[in-house]
Amino acid sequence: MKRLVFKYREMIMSDIKAIMDIETDVYPTPWTRMSFINELRHNKYASYFVMLYDDEIIAYGGIWNIVDEAHITNIAVKKSWQGKGFGSKMLSFLEDQAEIKGAKAITLEVRESNVTAKNLYENNGYDSWGVRPKYYTDNNEDAVVMWKILDKESKLDE
Ligand SMILES: CC(C)(COP(=O)(O)OP(=O)(O)OC[C@H]1O[C@@H](n2cnc3c(N)ncnc32)[C@H](O)[C@@H]1OP(=O)(O)O)[C@@H](O)C(=O)NCCC(=O)NCCS
């Protein structure tokens, strides 16, 4: 029986076509191709990664690292691969990358109505710290702001 082999690597320009197929499929208001290009080319604080099964991109995500804090800008799993634990794996990988770059805490915004994503974050140790009212301009939806303290030392003690 063939063993499933998954790996991570940094996102590159030639990934953007496959990323856009996923992005437009999973988000009501997807990022544009130009947003990804700008992030990869011009944002020195940004790091983007993909998770591959063989050569297929099945998940991706990005972070901004600013001093000792990281901000998750995007995380998504291809629809046919959702609900199988890959969102949690991608999230954990992003946290590890954030820590490698010096982050001691990580934050994100999530739509109030995005129950799946809120469950993903809550089950992985994120706490709600407040709400940014009408953060999403497409439908004036509130964003829930979530934070997690990243602490390698305490993880080693577990
Ligand atoms: C959010 C997303 C990344 C989760 O990825 P996933 O691979 O489906 O998630 P996982 O299988 O790792 O599940 C993680 C947790 O999410 C929750 N979850 C998963 N599918 C769910 C569903 N259909 N309904 C409710 N909660 C769900 C569960 O709590 C699960 O934890 P558990 O297995 O310990 O119960 C994925 O659904 C996605 O790409 N959504 C569209 C993009 C998006 O909204 N990104 C987040 C922006 S803030």
Side-chain angles (χ1 to χ4, degrees), residues 3-12 15-40 43 45-66 69-99 101 103 105-150 155 158:
R3 223 177 114 243
L4 300 186
V5 180
F6 299 95
K7 62 180 183 213
Y8 301 91
R9 64 160 168 74
E10 288 200 24
M11 190 185 288
I12 53 176
D15 292 330
I16 292 179
K17 192 180 175 311
I19 298 283
M20 282 307 297
D21 287 344
I22 302 173
E23 179 81 12
T24 50
D25 196 31
V26 301
Y27 281 113
T29 50
W31 282 14
T32 60
R33 197 173 146 269
M34 271 318 289
S35 333
F36 283 102
I37 292 173
N38 282 332
E39 285 290 273
L40 294 190
N43 188 345
Y45 300 108
S47 317
Y48 284 82
F49 303 92
V50 294
M51 184 182 188
L52 300 159
Y53 169 55
D54 285 344
D55 289 333
E56 179 189 2
I57 294 174
I58 64 164
Y60 58 91
I63 44 174
W64 292 343
N65 267 84
I66 299 167
E69 290 178 3
H71 192 131
I72 295 180
T73 58
N74 197 335
I75 178 168
V77 174
K78 191 172 181 170
K79 252 189 196 154
S80 52
W81 290 86
Q82 288 182 6
K84 297 177 168 71
F86 294 106
S88 296
K89 285 194 170 63
M90 190 75 229
L91 182 61
S92 168
F93 181 81
L94 292 177
E95 290 168 4
D96 289 345
Q97 293 300 314
E99 274 199 273
K101 289 174 194 288
I106 189 161
T107 186
L108 57 90
E109 286 98 15
V110 56
R111 281 179 193 264
E112 183 79 70
S113 65
N114 194 344
V115 176
T116 304
K118 285 198 298 187
N119 286 345
L120 166 71
Y121 303 133
E122 277 163 14
N123 289 356
N124 284 282
Y126 287 73
D127 295 315
S128 301
W129 280 53
V131 165
R132 289 193 212 286
K134 301 186 177 173
Y135 181 79
Y136 297 99
T137 50
D138 59 321
N139 63 351
N140 282 334
E141 188 170 353
D142 294 350
V144 180
V145 181
M146 304 186 93
W147 279 92
K148 178 177 179 177
I149 305 298
L150 300 171
K155 268 190 212 162
E158 279 170 11

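Remember, it's 1-based here, ligands and their atoms both numbered in the order they're listed. As a basis for the values below, the full set of heavy atoms in this structure was taken, side chains included, without hydrogen atoms, waters or symmetry mates. Computed from a predicted structure; not experimentally measured. When a residue number appears, it is its place in the shown sequence, counting from 1.
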K.L.:
Counting only heavy atoms not in K134, do more than 12 fall under 6.0 Å of its NZ?
P.N.:
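Not more than 12 within 6.0 Å, no.
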K.L.:
Tell me which residues fall inside the under-4.0 Å heavy-atom shell around ligand 1.
P.N.:
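Under the 4.0 Å cut-off, ligand 1 touches V26, Y27, I75, A76, V77, Q82, G83, K84, G85, F86, G87, S88, E109, V110, N114, T116, A117, N119, L120, Y121, N123.
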K.L.:
We want to know whether N74 and E39 form a side-chain donor-acceptor pair, criterion being a heavy-atom distance below 3.5 angstrom.
P.N.:
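On atom types as modelled, these side chains do not qualify, holding no pair under 3.5 Å.
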K.L.:
Check whether the side chains of E69 and T107 place a donor and an acceptor atom closer than 3.5 Å, and report yes or no.
P.N.:
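There is no such pair (donor and acceptor under 3.5 Å, judged by atom type) between the side chains of E69 and T107.
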K.L.:
Taking side chain to side chain donor-acceptor pair (under 3.5 Å) as the definition, give me every residue that meets it alongside Y135, ordered by chain and number, with sequence neighbours left out.
P.N.:
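Scan of Y135 (side chain to side chain donor-acceptor pair (under 3.5 Å), adjacent residues dropped) gives E109.
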K.L.:
Taking CZ in F6 as the centre, count heavy atoms belonging to other residues, nucleotides or ligands within less than 6.0 Å. Is the count above 12?
P.N.:
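Correct, the count exceeds 12.
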K.L.:
Are K118 and Y121 in a cation-pi contact, defined as NZ or CZ under 6.0 Å from the six-membered ring centre and within 45° of the axis?
P.N.:
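Cation-pi check for K118 and Y121: fails.
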